[in-house]
Amino acid sequence: MRRPPLVLLDLDGTLVDRRRAFEDWACSFIEGIGADPDDLDWLVEADRGGYRPRAELAAQIVRRLRPGASAEEIQEHLQLGVVEGIACYPGIPEALQELRGIGAELVLVTNGTVVQQTAKLERTGLGPLLDRVVISEAAGVKKPDPEIFALAVDGMERSAETWMIGDHATPDIEGGRAAGFSTGWVSHGRSWAHPWEPTLTAPTTAELLGILLARHR
């Protein structure tokens, strides 16, 4: 049996279904203000999968949909609404528990604000399953900067294999690869668009973690 791995994990799009939470909030918001269905498509696109800064998105919502409204209030409503709708992907808590059962150490490495990302962990109950949480706002650096990966493993017992598991090619997979880690890409059915390949690829996080478990049993 191999030595237990050290596993770094992304949050949004990897452990929790942030896309569905945002789309549910956006649908409710558009219906609530009586906007056109086309505005829902615009709002989902404008979100950029959560990578557009929240203040910037709120300002765009005000300009297009709510002239005269407070961008700060829109931003707060957006952030709270997404957190309220957040949920783990199927099988995630069980897979993390199994990894811990074989001695794996689990480190969350996520871009975002401390308040919002911590609220997601509390809502889903994932916090107790993690050995360390590294959030970009607190770290002062974002993925794919190598420094955030160095902070994530600093002082941790280094195993034979260190993994970065995530759904985004650049911050998660390219960043983890540059840090010298093995990489696991959660494809969600997408095609890989780079000349090199991640160490492992699977359509869902639960499947990918299952493959990782099998390698270490």
Side-chain angles (χ1 to χ4, degrees), residues 1-22 50 79-80 82-139 142-143 148-168 171-173 175-176 179 181-188 198-217:
M1 184 175 69
R2 299 186 183 190
R3 290 176 58 196
L6 172 58
V7 184
L8 280 60
L9 298 147
D10 173 51
L11 182 60
D12 295 314
T14 301
L15 300 182
V16 301
D17 192 348
R18 191 257 173 207
R19 178 186 176 91
R20 174 169 290 184
F22 180 82
Q79 291 175 318
L80 290 174
V82 171
V83 169
E84 287 174 358
I86 212 75
C88 293
Y89 286 110
I92 293 302
E94 296 83 358
L96 297 183
Q97 288 169 348
E98 288 190 70
L99 280 167
R100 290 177 67 89
I102 65 167
E105 291 187 292
L106 308 179
V107 179
L108 186 78
V109 187
T110 177
N111 289 346
T113 68
V114 172
V115 169
Q116 190 163 35
Q117 301 304 75
T118 300
K120 292 173 186 176
L121 293 177
E122 292 174 349
R123 183 169 183 83
T124 57
L126 288 175
L129 299 176
L130 302 165
D131 295 289
R132 174 179 290 176
V133 173
V134 178
I135 301 173
S136 65
E137 183 183 56
K142 295 182 177 181
K143 295 179 295 184
I148 197 167
F149 296 105
L151 288 170
V153 300
D154 184 40
M156 303 291 285
E157 182 177 350
R158 299 301 295 273
S159 70
E161 287 187 342
T162 300
W163 289 80
M164 178 63 214
I165 307 296
D167 70 300
H168 200 293
D172 298 326
I173 307 306
F181 305 151
S182 298
T183 54
W185 183 51
V186 183
S187 71
H188 296 301
T199 313
L200 295 175
T201 297
T204 69
T205 308
E207 289 175 79
L208 197 150
L209 295 180
I211 296 170
L212 186 58
L213 275 163
R215 289 168 61 102
H216 289 271
R217 277 181 168 152

Candidate pair Q79 and V115, rule side-chain contact (heavy atoms from CB on, under 4.5 Å), full reasoning: CA-CA 10 Å; Q79 291 175 318; V115 169; over 6 Å; no
One should read off an interatomic distance between L6 CG and S182 OG, to the nearest 0.5 angstrom, of 11.0 Å
Tell me if a side-chain donor or acceptor on T205 pairs with a main-chain N or O of L15 at a distance below 3.5 Å. no
Take D10 and H168 through the side-chain contact (heavy atoms from CB on, under 4.5 Å) test and state the conclusion after the steps. CA-CA 9 Å; D10 173 51; H168 200 293; 5.8 Å; no
Considering all heavy atoms, the nearest F22-V82 contact: CD1-CG2, 3.9 Å
When rounded to the nearest 0.5 angstrom, what distance separates CG in D12 from CG in D167? 8.5 Å
Minimum heavy-atom distance S136-G112, with the two atoms named: OG-N, 2.8 Å
Roughly how far apart are K120 NZ and I135 CD1, rounded to 0.5 Å? 10.0 Å
Stepwise side-chain contact (heavy atoms from CB on, under 4.5 Å) test for V107 and V153: CA-CA 8 Å; V107 179; V153 300; over 6 Å; no
Look at the side chain of N111 and the backbone N and O of K143, then say whether any donor-acceptor pair between them is shorter than 3.5 Å. yes
Closest contact, heavy atoms only, G13 versus H188: O-NE2, 2.8 Å
Keeping T183 on the side-chain end and M164 on the backbone end, is there a donor-acceptor pair under 3.5 Å? no
In Å, rounded to the nearest 0.5 Å, how long is the span from CZ of R132 to CG of D154? 6.5 Å
Compare all side-chain heavy atoms of Q117 with those of E137 and state whether any distance is below 4.5 angstrom. no
So CD1 of I173 and OG1 of T201: to nearest 0.5 Å the spacing works out to 7.5 Å
Which word best sums up how the rings of F181 and F149 line up, parallel for under 30°, tilted for 30 to 60°, or perpendicular for over 60°? perpendicular
Nearest non-hydrogen partners of L209 and A95, listed with the distance: CD1-CB, 3.8 Å
Below 4.5 Å, heavy atoms only, C-beta onward: do L108 and L126 meet side chain to side chain? no
Within the 4.5 Å heavy-atom criterion, are I92 and L129 side-chain neighbours or not? no
Give me the atom names and distance for the closest heavy-atom approach of H216 to R3. ND1-O, 3.0 Å
Is the count of non-hydrogen atoms from other residues, nucleotides or ligands lying under 6.0 Å from R19 atom CZ greater than 12? no
Here the pair of heavy atoms bringing A119 nearest to V83 is CB-CG1, 3.8 Å
Using the side-chain contact (heavy atoms from CB on, under 4.5 Å) rule, take E122 and T118 through it: C-alpha gap first, then chi angles, then the decisive distance, then the call. CA-CA 6 Å; E122 292 174 349; T118 300; 3.7 Å; yes
Side-chain contact, heavy-atom cut-off 4.5 Å: V109 with L151? no
Distance in Å, D17 CG paired with I86 CD1, rounded so as to fall on 0.5 Å steps: 7.0 Å
